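Read the structure below first, then the notes.
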There are 2 protein chains.
Amino acid sequence: MKTVTISDVATHAKVSKSTVSHYLNRRYDSMRENTKQRIEEAIETLGYQPNIVARSLKLKSTRSIGVIVANILHNFTTEVVRAIEDACISSDYHTIICNADDDPLKEKHYIEMLRAKQVDGLIIFPTGNNRDLYQQMLNARYPVVFLDRTVEDISIPSILLDNLQASKLAVEHFVEQGYRRIGIITTSIINHITPRIERIKGYEKAMSEQGLPIIDNYVRTSKSTDIQQAMADLLKLDEPPQAILAGNDLVLIEILKYVKQHGLRIPEDLAVIGIDDVSFASFYTPAITTIAQPTFEIGKRGAEALLKKINQKDVEDYGNFRFEPELKIRDSV
Amino acid sequence: MKTVTISDVATHAKVSKSTVSHYLNRRYDSMRENTKQRIEEAIETLGYQPNIVARSLKLKSTRSIGVIVANILHNFTTEVVRAIEDACISSDYHTIICNADDDPLKEKHYIEMLRAKQVDGLIIFPTGNNRDLYQQMLNARYPVVFLDRTVEDISIPSILLDNLQASKLAVEHFVEQGYRRIGIITTSIINHITPRIERIKGYEKAMSEQGLPIIDNYVRTSKSTDIQQAMADLLKLDEPPQAILAGNDLVLIEILKYVKQHGLRIPEDLAVIGIDDVSFASFYTPAITTIAQPTFEIGKRGAEALLKKINQKDVEDYGNFRFEPELKIRDSV
DNA sequence: CTGAAAGCGCTTACAG
DNA sequence: CTGAAAGCGCTTACAG
C-alpha cells in the first residue's frame with residue numbers, strides 16, 4: 001500500500017497541489033463549489049491522510065510541547081501531567097512526556113531530544129542542575145515554563161505551591177489540636193529542591209510564630225528508602241515528636257508503613273499530616289488529614305502560560321505564580 | 001536567533017551538506033580525519049542541533065510510537081504505560097500517550113491524529129468500537145498491538161492477563177478460608193470489555209468447580225459512581241455475600257469507602273479481594289489481599305512486540321499472549 | 001574521499 | 001479562482 005499524498009489527490013481531482021492545500025487549510029474564500037467537491041471526492045476515494053511531519057517542517061511548528069518531569073512516581077506529578085495534557089489537547093496541541101528520574105543528565109538529554117524534535121515549547125519540573133541549558137533557552141527566547149520548582153537566578157517563570165503556607169497550615173492545625181512536639185520529614189534536599197526546602201522553612205517559621213522551639217532533631221531529610229530509619233531515630237529520642245508532617249506523598253506512605261509495622265496508633269501515638277492529598281486519604285483508617293495542592297489548576301495554568309508564550313512571542317513574564325494549599329481535616333490528627 | 005541548519009555547518013566547515021550528513025550519521029568509514037574535525041568544530045561553534053522533523057520526513061520514520069489507553073485513571077494503566085515508555089526509550093523510540101477516556105470517538109480521533117503524525121506504530125487498549133478502523137490498519141499492514149483487551153474477529157495480537165485464572169485464584173482463596181457466599185463486582189460490561197467479561201466468566205467457572213451455586217444476584221456490574229449502591233443492594237439481600245471480589249482497583253476503592261462509611265469490619269463482616277495490586281494494599285488496615293498483574297512485564301512485552309513488528313515487517317503474529325496473575329495473601333480475607 | 005542533485009510531502013507569496 | 005515554483009532541513013544513490 002503506497003502512501004497517498006497531496007499530489008495524488010491533486011491528480012485525481014484534476015487541480016494543482018496548491019488548490020488541494022488551500023482546501024485542506026479551509027481557505028474556501030474563493031473556491032468554486034465544483035472544485036471543492038472534486039477535491040472532497042478525491043480525498044474520500046483515495047483515503048488521503050495529511051502528513052503532519054511534512055507540514056511541521058514547512059510551518060516550523062509541530063503543535064506539540066514537551067513535558068519533562070523530575071519524577072513521575074509522585075502522585076502530584078501524575079495529576080499535574082494529566083491536567084497539562086487536557087489543556088493542551090483542547091488547544092489542539094500534543095504532549096510528549098519524559099521522566100528525568102531526578103537525574104540532571106537525563107533531563108539534559110530530554111531537553112536536547114525534544115528540541116531536536118522541534119516541540120514548540122517545554123514545561124519542565126527542573127532538577128536544577130542544568131543551569132547553562134536553562135539560561136541558553138532563555139537567551140534563545142525559546143518558550144519554557146517551570147513547574148513545582150524554581151531555579152535560583154534563572155528568570156524562567158515558575159508555577160508552584162505556596163509551600164510556606166502549606167507547612168503553616170499543618171503546624172497550626174497540629175497546635176490547635178494540642179500538639180507541641182511536632183516533627184517534619186522530607187526527602188533529600190541535597191539538590192536544593194524548591195518544595196522541600198520551602199516546606200522546611202515554612203515549618204520552622206510557623207513553629208516560631210507559635211512560640212514553639214525548633215528542635216534540629218525533629219527535622220529529617222532522607223531519601224525514600226531511609227525514611228523508615230528516620231522514623232525509628234525520631235521515635236527513639238528522649239522526647240520524641242507526637243506529631244509528624246510528611247513532606248510529600250512518598251514520605252507519608254513510608255510513615256504509614258512504619259506505623260503499621262510497629263503497631264502504633266494514629267493519632268493516639270502519633271498524629272500525622274501529609275502534604276499532597278493522596279488517593280486513599282479519605283478511606284484510610286484513620287482517614288488522613290492532608291494539605292492538598294490544586295494539581296489540576298497548577299497543570300492547567302502551566303499549559304496556558306506556555307501556550308501563551310508560544311503564540312505571542314515576547315509576552316512579558318509575570319514572574320512566579322503561587323497557588324494556595326488547602327487543609328483537609330480528617331482523622332489523623 | 002536564526003536556527004542553524006546543516007547548510008550552515010557545511011559552509012562553516014567548507015564541505016558539502018552530504019558530508020556533514022554522513023558525519024552526523026556516523027558513517028566515518030572513509031572520512032578524512034581533518035574533515036571530521038572541521039565538521040566537529042563547526043557544529044560546536046555554531047551550536048548546531050539536527051532537525052528531527054526534516055529527518056523523519058525523509059526517512060519516513062519518526063522513531064516514535066503512539067499509545068492510546070482506554071482510561072488513564074486505572075493504576076494498571078499508569079504502570080503499564082510507564083513500562084512501555086521505559087522499553088521504548090531504551091530502544092531510542094519516543095512515546096506519545098493519549099487517553100481515549102473510554103470513548104470510541106476520541107479513540108478514532110487519536111488513531112487518525114497519531115497516524116497523521118507519522119508514528120511508526122500504535123499500542124492500543126481498545127475501546128472495541130472502532131472495528132472498521134482496526135481492520136483497516138490491519139489491512140494496511142500498519143503495526144499495531146492491543147493491550148489488556150481483545151477485539152473479537154480482529155486478528156491484531158493482544159497482550160493481556162489470564163483473567164479466568166485471576167478470578168479462580170480469588171475464589172479458591174475465599175473458599176479455602178471458609179467462605180461460601182462469594183460475590184463479584186465489576187464496572188460496566190455494556191461495551192464487552194474483555195477483562196470484565198472474562199473475570200466474571202472466570203468467577204462463575206471457579207464457583208462451579210468448587211461446587212458452589214452461581215447466584216445471579218451476587219454478580220454486579222455497574223459504573224463507578226453506582227458501586228456504592230450496588231454494595232447496598234448486595235448487603236440488603238436475605239443471604240448477603242460474605243466475601244466480595246473487586247473487579248479492578250476503582251471498584252475496590254468504592255467498596256472500601258462503603259465499608260468505612262458503614263462501619264463494617266474486614267474481614268469479619270465482609271472479606272475482600274481486589275484484582276490489581278493497589279499501592280496502599282500492604283499498609284492499609286487491614287492489608288488488602290489482591291490478585292496482582294505483572295504490569296511491568298505486560299508493558300514491556302507490548303512495547304517489544306510492537307517494535308519487532310515495526311522493524312521487521314511481516315513478522316508472523318503469535319496470537320494473544322497471556323500473563324499469569326499472582327495471589328498476594330494479606331489480611332482482608 | 002567528497003559533492004551535486006533529487007526528493008520526502010507539505011505551504012504560500014505571487015502571478016495571471 | 002487556480003497554478004507554477006520555491007523552499008522547509010534533511011538523506012542517499014550515484015558519480016567522479
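These numbers come from a predicted model, not from an experiment. Letters go in sequence order (proteins before strands), and every chain restarts at 1.
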What is the distance, to the nearest angstrom, from the [atom1] atom on [X] to the [atom2] atom on [N]?
X      : N      : atom1 : atom2 : value
B:K117 : C:dC10 : NZ    : P     : 15 Å
B:K60  : D:dT12 : NZ    : P     : 13 Å
A:R63  : C:dT11 : CZ    : P     : 13 Å
B:Q118 : C:dG9  : CD    : P     : 9 Å
A:I39  : D:dC1  : CD1   : P     : 14 Å
A:R115 : D:dG9  : CZ    : C1'   : 16 Å
A:I6   : C:dC8  : CD1   : P     : 14 Å

How would you label the contact of [X] with the nucleic acid (heavy atoms, under 4.0 Å): base, sugar-phosphate, or nothing?
X     : answer
A:K17 : base
A:T35 : sugar-phosphate
A:T5  : sugar-phosphate
A:Y23 : nothing

[X] side-chain proximity, nearest of [options]:
X     : options                : result
A:A54 : C:dG9, D:dT11, D:dG9   : C:dG9
A:H22 : C:dT11, D:dT11, C:dA13 : C:dA13
A:K58 : C:dT2, C:dC10, D:dG9   : C:dC10
A:V15 : D:dG3, C:dT2, D:dC8    : D:dG3
B:L59 : D:dG3, D:dT12, C:dT11  : D:dT12
B:L57 : C:dC8, D:dC8, C:dA4    : C:dC8

Looking at [X], I'd like to know whether one of its side-chain N or O atoms comes within less than 4.0 Å of OP1 or OP2 on [N].
X     : N      : value
B:R32 : C:dC1  : no
B:T19 : C:dC1  : no
B:S21 : D:dC10 : no
B:N51 : D:dC8  : no

Point to revise | Note: A:E112-A:K108 ion pair, threshold 4.0 Å (strictly below) | key: yes
Check your understanding: Which one is paired to C:dA13, where only Watson-Crick or G-U wobble pairs with both distances under 3.5 angstrom count?
Key -> none
Review point. Who is the Watson-Crick or G-U wobble partner of C:dA4, with both distances under 3.5 Å?
Key: none
**Study point:** Exam field: side chain B:T127 to backbone B:D103, donor-acceptor pair closer than 3.5 Å
**Key:** no
Review point. Between A:R82 and A:G299, is there a donor-acceptor pair closer than 3.5 Å when you use the side chain of the first and the backbone of the second?
Key: no
Review point. With a cut-off of 6.0 Å (strictly less than), are more than 12 heavy atoms of other residues, nucleotides or ligands near NZ of A:K300?
Key: no
Review point. Does the side chain of B:L307 reach to within under 4.5 Å of the side chain of B:P143, using non-hydrogen atoms?
Key: no
**Study point:** Check: A:I310 and A:L306 side chains under 4.5 Å, non-hydrogen atoms
**Key:** yes
Check your understanding: Between A:S18 and B:S16, which is nearer to the 5' end of DNA chain C once each is assigned its nearest nucleotide?
Key -> B:S16
Revision key, fill the gap. Between B:K14 and A:I52, whichever has its closest DNA chain C nucleotide further toward 5' is B:K14
